[in-house]
Amino acid sequence: MIHLSPKGLIATTGRKGQSLAMIDGETLFLAGQEASHIYLVEIGTLNVFAPRGTSPLRRYDQHELIGIPEVLAGIAWPVTAIARGKTQVRIFPATCLTERMADIPDSSARFLRHLSQLTA
């Protein structure tokens, strides 16, 4: 699992991410859309569903990040994310992660990208 702490992401970006308030049932992204952002759940819950699924595959709660493997792999979202109850997410562009990747050795960056393709 690739891990970047919310505090680390915020420290790196200076809290540049835009905050989005969502209502129950509102969709954050759909399966098939380009994964061009990383999301931090600040308040509430995001449920992710398979493209035609009716039961959540996973739940993301306060202080959890979603999107790192997908952004690193450069793929489309394989799932749909829907707010459960009142939810607030902070949106970070993919460049927040890709710029940070530029600071690590090439061999480590290649390894992380390879891992992201396996987990995405």
| So do Leu46 and Arg59 actually touch side chain to side chain, heavy atoms under 4.5 Å? | no
Residues 77-88 vs side chain to side chain donor-acceptor pair (under 3.5 Å), sequence neighbours excluded, gives Ser19-Gln88, Glu42-Gln88
Side chain to side chain donor-acceptor pair (under 3.5 Å) pairs touching residues 23-32, sequence neighbours excluded, are none
ask   = Taking C-beta and beyond as the side chain, do Tyr60 and Val48 meet within less than 4.5 Å on heavy atoms?
value = yes
Apart from Ile82 itself, members of its ILVMFWY cluster (side-chain separation under 4.5 Å) are Phe49
In short, Pro78 meets Pro51 closest at the heavy-atom pair O-CD, 3.6 Å
List the atom pairs, donor and acceptor, that lie under 3.5 Å between side-chain atoms in residues 33-41 and the rest of the protein, sequence neighbours left out.
{"residue": "Gln33", "atom": "OE1", "partner": "Leu30", "partner atom": "N", "Å": "2.8"}

- request: Give the cluster check for Ile66 versus Leu20: same hydrophobic cluster or not, with ILVMFWY residues linked at side-chain heavy-atom distances below 4.5 Å.
  value: yes
